[in-house]
Amino acid sequence: MGEHDRGYETISRAALPVATVELARYLIGKIVVRETPDAVLSGRIVETEAYPPGDAAGHAYRGETPRNHALFLGPGHAYVYLAYGVASMLNVSSEPAGVGAGVLIRALEPTCGIASMQQNRQVETLRDLARGPGRLAAALAIDRSLDGGDLCRRGPLWLAHDGQGDPDIGTSARIGLSREIDRPLRFYQRGSRFVSGPKALNL
DNA sequence: AGTGCGATTGACT
DNA sequence: GTCAATCGCACTA
């Protein structure tokens, strides 16, 4: 491993919580690494949402389809889909293989490859590069071609530990849903300015 | 085969 | 604060 990725280490499958809500909390403070032929991009996860089994707002609620197949892989696989025909969304699959559930990654604090992210987003402001799920995917050049990928191995897209201590985690209702709107399944790093949503939701 | 609808974003009043 | 853009996919017929 070289300086270009700050020596990040992969997160083993065994280390990932299998349960969706636990995984959503666990991922706060972890690193998403994106490797392209041109650059290595990474950011610290500051906001997630859990979509556990049986959740009427989850994409797996009506059973497995070609689109949501990746949610049914074991923990630690990428589920990427296109929302509103405009924005790609990155999720981490959870629960044992055959059970459809996952965690949406909603915001990152950029750590490496910031110049490339600015190029990908056509935006300069550090705070706005990956604040929001669609922006995050755009910043890291994530699209459906990464759907189903293994996030526990080095490759085009993977998860890493960072050296920091455990962050202070806040909880709230999820954002942008029309169903199951009151469940406290959104998690975020308290006080982080890289968290999306109304500012009242990052206290 | 046709239709309706988002786990959003950015531009505008 | 409101609102349109945009398209893959699940659902209905």
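With centres under 5.5 Å and a plane angle under 30°, the ring of Tyr51(A) is stacked against the base of dA7(B).
For the pair His59(A) NE2 and dC5(B) P, the interatomic distance rounds to 15 Å; values are reported in whole Å. In this structure, Asn68(A) places its CG atom 16 Å from P of dG6(B), rounding to the nearest Å. The CD1 atom of Ile105(A) sits 17 Å away from the C1' atom of dT8(B) (whole-angstrom rounding). As rounded to whole Å, 15 Å separates atom C1' of dC9(C) from atom CE of Met89(A). Taking atom NE2 of residue His69(A) and atom P of nucleotide dA10(C), one finds them 13 Å apart after rounding to whole Å. In this structure, Leu104(A) places its CG atom 16 Å from P of dG6(B), rounding to the nearest Å. Separating the CZ atom of Arg144(A) from the P atom of dC7(C) is a distance of 15 Å, rounded to the nearest angstrom. The distance from atom CZ of Arg179(A) to atom C1' of dA10(C) is 12 Å, rounded to the nearest whole Å.
With salt bridges taken as basic N to acidic carboxylate O contacts below 4.0 Å, one links Asp150(A) and Arg13(A).
For Glu109(A) and Ser192(A), the side-chain atoms include no donor-acceptor pair closer than 3.5 Å. In this model, a donor atom of one side chain and an acceptor atom of the other lie less than 3.5 Å apart for His59(A) and Tyr79(A).
Neither OP1 nor OP2 of dA7(B) sits under 4.0 Å from any side-chain N or O of Arg186(A). The phosphate of dG10(B) (OP1 or OP2) has a side-chain N or O of Arg135(A) nearer than 4.0 angstrom.
Among dG6(B), dC9(C), dA7(B), the nucleotide with an atom closest to any side-chain atom of Arg67(A) is dC9(C). Counting only heavy atoms from C-beta on, Val86(A) has its side chain closest to dA5(C) among dG6(B), dA5(C), dA7(B). The side chain of Tyr84(A) lies closest to dG6(B) when the candidates are dA10(C), dA7(B), dG6(B).
Using modelled atom types, one side-chain atom of Arg34(A) and one backbone atom of Leu140(A) make a donor-acceptor pair closer than 3.5 Å.
Across all strands, Arg174(A) comes closer than 4.0 Å to no nucleic acid atom at all (heavy-atom distances). Counting any heavy atom pair closer than 4.0 Å across all strands shown, Arg121(A) reaches sugar-phosphate atoms only and no base atom.
Relative to the ring axis of Tyr51(A), Arg174(A) places its NZ or CZ within 45° and under 6.0 Å from the centre.
When Watson-Crick and G-U wobble pairs are counted only if both distances are under 3.5 Å, dA7(B) pairs with no nucleotide at all. As the counterpart of dT6(C), no nucleotide is assigned, since no Watson-Crick or G-U wobble pattern has both distances under 3.5 Å.
Along DNA chain C, the nucleotide nearest to Leu82(A) and the one nearest to Arg62(A) differ in position, and the one closer to the 5' end is contacted by Leu82(A). Both Ser178(A) and Gly132(A) sit near DNA chain B, but only Ser178(A) has its closest nucleotide nearer the 5' end.
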